[in-house]
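Below: the structure, in structure tokens.
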Amino acid sequence: MTNRTFTMIKPDATQNGNTGGILEMINAAGFRIVAMKMTHLSETKAGEFYAVHKERPFFGELVTFMSRGAITAVILEKENAVEDFRKLIGATNPAQAEEGTIRKKYATSIGENAVHGSDSDENAAIEGDFFFSKLEQF
Ligand code: CMP
């Protein structure tokens, strides 16, 4: 599955009305949407999704933020998807994100950074399966 990645449009971007703008940038960069849903993560579910970060000092803040409002979960397809998508979203900290990236345009801080992007093919598959059954992945 090296041609797929997973993204979430986070509660800050949803609340700021940026879902459409972000999807437009994703489309313009040549990614194909193969699964998508708008949903809400409970604190428990947000903690499960980010379990890898549970020892980090920002974990509590991250869980509170990610369960604050609706998110849009999306699986994307493109050659070299994981790497190309991380380039498109830019650095985790928007202060370091390059011009033309999603986080440069829409993120407000290192915590409230508008979008998530998988960091490996393995995690892309795990994260996509967290939200979508196989029947929902096209
Ligand atoms: P994401 O790419 O979704 O993966 C982990 C998330 O943790 C990250 O985006 C940020 O939202 C959040 N995060 C990472 N570093 C920090 C930090 N120093 N302070 C607060 N939140 C952070």
Side-chain angles (χ1 to χ4, degrees):
M1 281 245 290
T2 57
N3 59 344
R4 288 192 173 194
T5 191
F6 172 79
T7 185
M8 251 190 297
I9 298 173
K10 298 186 180 185
D12 57 330
T14 308
Q15 287 163 344
N16 293 334
N18 293 327
T19 304
I22 290 170
L23 288 173
E24 219 165 272
M25 285 180 78
I26 291 171
N27 268 328
F31 291 87
R32 193 170 76 85
I33 292 170
V34 297
M36 180 161 74
K37 73 170 72 155
M38 195 166 183
T39 185
H40 176 255
L41 287 170
S42 62
E43 290 209 1
T44 306
K45 278 293 191 192
E48 268 175 44
F49 183 86
Y50 281 115
V52 64
H53 295 305
K54 70 172 178 294
E55 304 305 332
R56 303 281 193 97
F58 57 81
F59 181 70
E61 188 187 321
L62 177 60
V63 165
T64 302
F65 163 58
M66 287 304 299
S67 56
R68 186 175 86 192
I71 60 102
T72 300
V74 191
I75 300 177
L76 296 167
E77 190 170 78
K78 183 184 183 293
E79 215 175 283
N80 203 34
V82 168
E83 201 184 323
D84 286 2
F85 191 71
R86 285 177 75 82
K87 276 192 203 134
L88 176 64
I89 63 178
T92 305
N93 184 349
Q96 288 155 12
E98 282 180 41
E99 225 31 83
T101 62
I102 292 175
R103 284 173 172 159
K104 179 74 182 179
K105 187 161 183 190
Y106 293 116
T108 50
S109 68
I110 191 166
E112 303 203 3
N113 61 2
V115 284
H116 167 79
S118 303
D119 64 3
S120 66
D121 292 337
E122 190 193 359
N123 284 336
I126 293 169
E127 292 169 0
D129 290 346
F130 185 90
F131 285 94
F132 301 98
S133 75
K134 293 295 180 201
L135 284 173
E136 295 170 318
Q137 302 181 29
F138 296 96

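Every heavy atom of this structure was used, including side-chain atoms; hydrogens, water molecules and symmetry mates were not. Every number for a ligand or one of its atoms is a count from 1 in the order of the listing. Fair warning: this is a prediction, and the values are worked out from it, not measured in the lab.
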If I apply the N/O under 3.5 Å rule, does Gly117 come out as touching ligand 1?
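In this structure, Gly117 places no N or O atom under 3.5 Å from an N or O of ligand 1.
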Is the closest basic N to carboxylate O distance between Arg4 and Asp121 below 4.0 Å?
no
Atom indices of ligand 1 within 4.0 angstrom of [X] heavy atoms, with elements:
X	result
Glu61	20 (C)
Arg103	2 (O)
Tyr50	1 (P), 3 (O), 4 (O), 5 (C)

Can you report which non-hydrogen protein atom sits closest to atom 10 (C) of ligand 1, along with the distance?
Ile110 O, 3.3 Å
shortest atom 17 (C) of ligand 1-to-protein heavy-atom contact is with Phe58 CD2, 3.5 Å
Minimum heavy-atom distance between Glu136 and Ala35, given as atom pair plus value:
O-CB, 3.4 Å
Where's the contact between [X] and ligand 1, heavy-atom distance under 4.0 Å: side chain, backbone, both or neither?
X	value
Arg56	neither
Lys10	side chain
Arg86	neither
Phe65	neither
His53	side chain

Within 6.0 Å of CD in Gln15, more than 12 heavy atoms from elsewhere
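More than 12 within 6.0 Å, yes.
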Does a sphere of radius 6.0 Å around NZ in Lys37 hold more than 12 heavy atoms from other residues, nucleotides or ligands, not counting ones at 6.0 Å or beyond?
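Yes, the 6.0 Å shell around NZ holds more than 12 heavy atoms from other groups.
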Pick from Gly111, Ser118, Gly60: the one approaching atom 21 (N) of ligand 1 most closely through a non-hydrogen atom:
Gly111
For atom 12 (C) of ligand 1, the option (of Val63, Ile89, Asn113, Leu62) bearing the nearest heavy atom
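Among Val63, Ile89, Asn113, Leu62, the closest heavy atom to atom 12 (C) of ligand 1 comes from Leu62.
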Within 45° cone of Phe130 ring axis and under 6.0 Å: Lys45 NZ or CZ:
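Positive - Lys45 is close enough to the ring of Phe130 and near enough to its axis.
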How long is the straight-line distance from [atom2] of [Y] back to [atom1] of [X], given to the nearest 0.5 Å?
X	Y	atom1	atom2	result
Glu112	Met66	CD	CE	10.5 Å
Met8	Leu41	CE	CG	6.0 Å
Arg68	Glu43	CZ	CD	12.5 Å

Among Ile75, Val74, Leu23, Asp84, find the residue that satisfies the side chain to side chain contact (heavy atoms under 4.5 Å, CB included) test when tested with Phe31.
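Per the side chain to side chain contact (heavy atoms under 4.5 Å, CB included) rule, the option paired with Phe31 is Asp84, out of Ile75, Val74, Leu23, Asp84.
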